[in-house]
Amino acid sequence: MSGQSNYNPKTGIEKWLDARLPIIRLGVDTMIFPSPRNLNYWWTFGAILAVMLVSQLITGIILAMHYVPHPDMAFDSVQHINRNINWGWMLQPMHAVGASMMFLAVYIHMFRGIYYGSAKNPREMIWIVGMVIYLLMMATGFMGYVLPWGQMSIWGAIVITNLFSAIPPEAAGTAVTQWLWGGFAVDGPTLNRFFSLHYLLPFLIVGMVILHIWALHIPSNNNPTGISIKTKADTLNFHPYYTVKDAFAIVVFLMIFSYFLFFKPDSMGHPDNFIPANPYSTPAHIVPEWYYLPFYAILRAVPDKLMGVVAMFASIGVLFALPWLDTSKVRSMRYRPLAKQFFFLFVLVCLGLGWAGAKLPSDLVFVTGVDADGHEVGLTFVWMSRILTIYYFAFFLVILPILGLVEKPKPRPASIEASVLGTDKGDN
Amino acid sequence: MSTPVESDEPTRRDFIHIASGTAVVAGAGFLAWPLIDQMNPSADTLSLATIEFDVSSLEEGAQVVAKWRGKPVFIRYRTAAEIEEARSLDVNVLKDKQTDSERLVPGPDGKLKPQYLVAIGICTHLGCVPLFDPKDTKGGEYGGWFCPCHGSHYDNSGRIRKGPAPTNLEVPPYWYMSDTVIQIGKEASV
Amino acid sequence: MLKRIVSLAIIASFSAGAVFAAGAGAKNKTQDWHFEGMFGTYDKAAAQRGFQVYQEVCAACHSLKYVAFYNLGDKGAPFYDPEYPNPNDNPVIKAIAKMFTIIDGPDESGDMFERPGITADKIPNPYANEMAAKASNMGAFPPDLSLITRARADGSNYLYSLLTGYEDPPEGMKLSPGMSYNPYFSGGNQIAMGAPLTEGRVEYTDGTEASVDQMAKDVVEFLTWAADPKMEQRKRTGWVVLIYLFLLALLLYGSYRAVWRDVKH
């Protein structure tokens, strides 16, 4: 879409169609467009995510043919799918494990964007649309986890919808939760609307993905050097160079997916979700799906209920502002020695928050001694979450803005071509 | 920097692309099967594809309606007089020419059991369920069944005698597993 | 509400096994199961014996409501017979089904009636409903066993440990009335179910000696199958898929190298 089109209709019917609905031209120009010639394997996760999205849509539509969104039958219908429907034993875990795999890919995709400065000028809109996709994915994943109507499903729904009860009742907090539930508790109406929305949101995701790719085609891909494309020598056509590279990466990713799907289908879930939902009995240990754990840790790090919820939403909200918080003129952290270190620390902090989110707040990370009563004392997970939460926010609100102003970047290659051919002194 | 797949003749270099492409298409083909097959009847549905019925529980002159694959199946214990009536009929008067024997299956001893008539209870005209009542006229003019929707009369062999229905009541696949038990949904294995 | 729930909440899903075991009573006794690993299959003979244990011991109180009789004769199931690819024709399955009484109806007069089971039936519940089950068990509800090994962390080992883990309470510990002491029980050390297995409780038709340990292993084999009946198909398909993807990856890598051959990158 950089002005020139690569499509020359040859036959009469192609010309006829092109004059009326230039859909082939759109397809050709989407696939054959100049991309930086130095993209590494971290750039394949976009294509991997596209494949996963299609896989989730197909398996989801199939599951909806057999699933029953009713409190008395939802759990049974999932068992029916796994036990009686032809290939149901493969298709149902494919959807459930697939959701985890999609989040794994999206996190790698996002970390890659932060590291290489892909969010920054002129790609802010790509990043923001991407964040909207991520939010939609979180909502879809959450509602999807409710549908099997196991113990984790219902208690996850109760805890998350109760986040809105953090709004004081006089400011309509109670009204909001009752509206969400369609009653006075999470029950049949809630399940039924979650099913409807779980079916709807993925199509919104598809729409946003189209916008995401459209926005990407305006400046073309960022690249590991972060340097803009200057001449044609900096680029290769997306097809066939990156289609074949992406295809290879997709297949490798599918191997990991298949391993979990066929040999460890329960490893991403929780045993309690094999117990039918019981609104009168909370399981002893409840946790969200692994991909929400860091945010769960942030929620619990704050002692005040309302402020905890605010902090959790702020931790996602701050990501929207990333393009403006990272003030450095240099995009890629490859040439930013300090930012690079803070970034890797940030990745560790996110993993640490995930770890803390999975633990009881009062559990000890490590033991420092024994108190007068003989109880072990040491760093509790809630305190670890607090420290990590502070770093999480500081990374965006303090470190990135200041670093951009004070850091002295390393010399960068003159062009992408120069970095590839080694005719210039880049760092690799 | 030539794009490889552009010459008219496939070269040795293109072979790998053709192999990859074929492998992808083949994989997609295999993946398509589960996506299609999941719409076929599931194991619980198939477990009811055949039903067993003990005809010894029937009383002479009565019928029982068994449910099979979502359809009513008439199983009728015919009296000697009814059998005689069905057998003596000249098939040439029928719209759908079938003798009574052609509508029965042999028991384990190889002989027909004319007292038991099995037929799917769906009128061959437009799919209503015909009425049965040998004691009065609800069962039609021929001592069999009468369809209230458009007035088709069947005899006690389930053959169409009068009315708009084009063919006789369908006989489902069934066989005698023993002297008294029939299995509906399957022919006798030879 | 939220605070209470949050304060109750813990535990990673992925590290659940170890943490659960540590959190609730004694650590599970680990067994080498026939179904473990990427090549694991069910030990059919053990699973058949396990079905006998279920039928003669567990079924008095515990339902197995997601298992239908025809499931028992499916591929990968304890009573699978290659001669009868359709389990509904399998005489063994028919005979098993016939042993159970199914409540069907209503009949013409509006009454429920009893009939022998057919292959299409599910294994019937021992109680009419949950309240009846509780009333017969001093308020404790015997859980359905169809998914029990997947509904507990490290379920197969857990169940084996529980069944073989009954012992006398430690000195000074006072059990509530009707409770038994079992250090492996995930709900605390006191369990409402009395030790279900005693030496020779069942008489195995294949002549195996019915020790408590043997019966526990067998019933775990059976219940693990009941919770994951398609495991063998799944693993077999998994191998085909992994091998296919591996070969495809090699081909695509070749394609990738061919496309990029003239490009320095």
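Proteins come first, then strands; the chains are lettered A, B, ... in the order of their sequence lines, and each starts at number 1.
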I would like to know whether C:W239 and A:F263 meet side chain to side chain contact (heavy atoms under 4.5 Å, CB included); could you show each step before the answer? CA-CA 9 Å; C:W239 276 108; A:F263 299 101; 3.7 Å; yes
Spacing of C:R150 atom CZ and A:H270 atom NE2 [to the nearest 0.5 Å]: 14.5 Å
Nearest-0.5 Å distance, CG of residue C:D228 to CG of residue A:N82: 8.5 Å
Please report the shortest heavy-atom distance between C:V241 and A:S258, naming the atom on each side. CG1-OG, 3.5 Å
For C:V259 and A:P240, the nearest pair of non-hydrogen atoms, with its separation, is CG1-CG, 3.9 Å
Check whether more than 12 heavy atoms from other residues, nucleotides or ligands sit under 6.0 Å from atom CD1 of C:I103, and answer yes or no. no
At a heavy-atom distance under 4.5 Å, which candidate from C:M38, C:Q233, C:R152 has the highest pair count against chain A? C:M38
Residues C:Y256, A:D246; criterion side-chain hydrogen bond (donor to acceptor under 3.5 Å, both in side chains); working and verdict: CA-CA 9 Å; C:Y256 164 62; A:D246 285 349; over 6 Å; no
Residue list, salt bridge (charged side-chain N to carboxylate O under 4.0 Å, His left out) with C:D81, at least two apart or on another chain: none
Do A:N84 and C:N71 pass the side chain to side chain contact (heavy atoms under 4.5 Å, CB included) test, and can you show the C-alpha distance, the side-chain angles, and the key distance before you say yes or no? CA-CA 9 Å; A:N84 289 322; C:N71 287 139; 4.0 Å; yes
Quick check: closest heavy atoms across C:S255 and A:V244, and the distance to 0.1 Å? CB-CG2, 3.7 Å
Within 6.0 angstrom of C:K29 NZ, more than 12 heavy atoms from elsewhere: yes
Between A:L39 and chain C, with a heavy-atom cut-off of 4.5 Å, which part of the residue counts as in contact: side chain, backbone, both or neither? neither
Look up atom CG in C:L245 and atom CZ in A:F253, then write down how far apart they are to the nearest 0.5 Å. 12.5 Å
C:A227, C:G40, C:G238: which one forms the most heavy-atom pairs within less than 4.5 Å of chain A? C:G238
Has the side chain of A:W89 got a donor or acceptor atom that lies under 3.5 Å from a matching backbone atom of C:R234? no
Heavy atom to heavy atom, less than 4.5 Å: which residues from residues 128-149 of chain C reach chain A? C:S146, C:L147
Heavy-atom pairs under 4.5 Å with chain C are the metric here; pick the option from A:Y242, A:F381, A:Y259 that has the most. A:Y242
Honestly, the part of C:A77 sitting under 4.5 Å from a heavy atom of chain A is neither
In terms of heavy-atom proximity below 4.5 Å to chain C, should A:P93 be classed as side chain, backbone, both, or neither? neither
Based on non-hydrogen pairs under 4.5 Å, which of A:H80, A:M152, A:Q79 is most in contact with chain C? A:Q79
What's the separation between atom CZ in A:R83 and atom NZ in C:K230, rounded to the nearest 0.5 Å? 9.5 Å
How close do C:W260 and A:Y241 get, counting heavy atoms only, and between which atoms? NE1-O, 2.9 Å
What distance separates C:F246 CZ from A:M255 CE, expressed to the nearest 0.5 Å? 6.5 Å
Distance check, rounded to the nearest 0.5 Å: C:L251 atom CG versus A:F248 atom CZ? 11.0 Å
Start with the C-alpha distance between C:L242 and A:F262, add both sets of side-chain angles, then the distance that settles side chain to side chain contact (heavy atoms under 4.5 Å, CB included), and finish with yes or no. CA-CA 9 Å; C:L242 277 186; A:F262 291 108; 6.0 Å; no
Near C:E36 CD, under 6.0 Å, is it more than 12 heavy atoms from other residues, nucleotides or ligands? yes
What residue in C:K235, C:K65, C:R236, C:M231 has the most heavy-atom pairs under 4.5 Å with chain A? C:K235
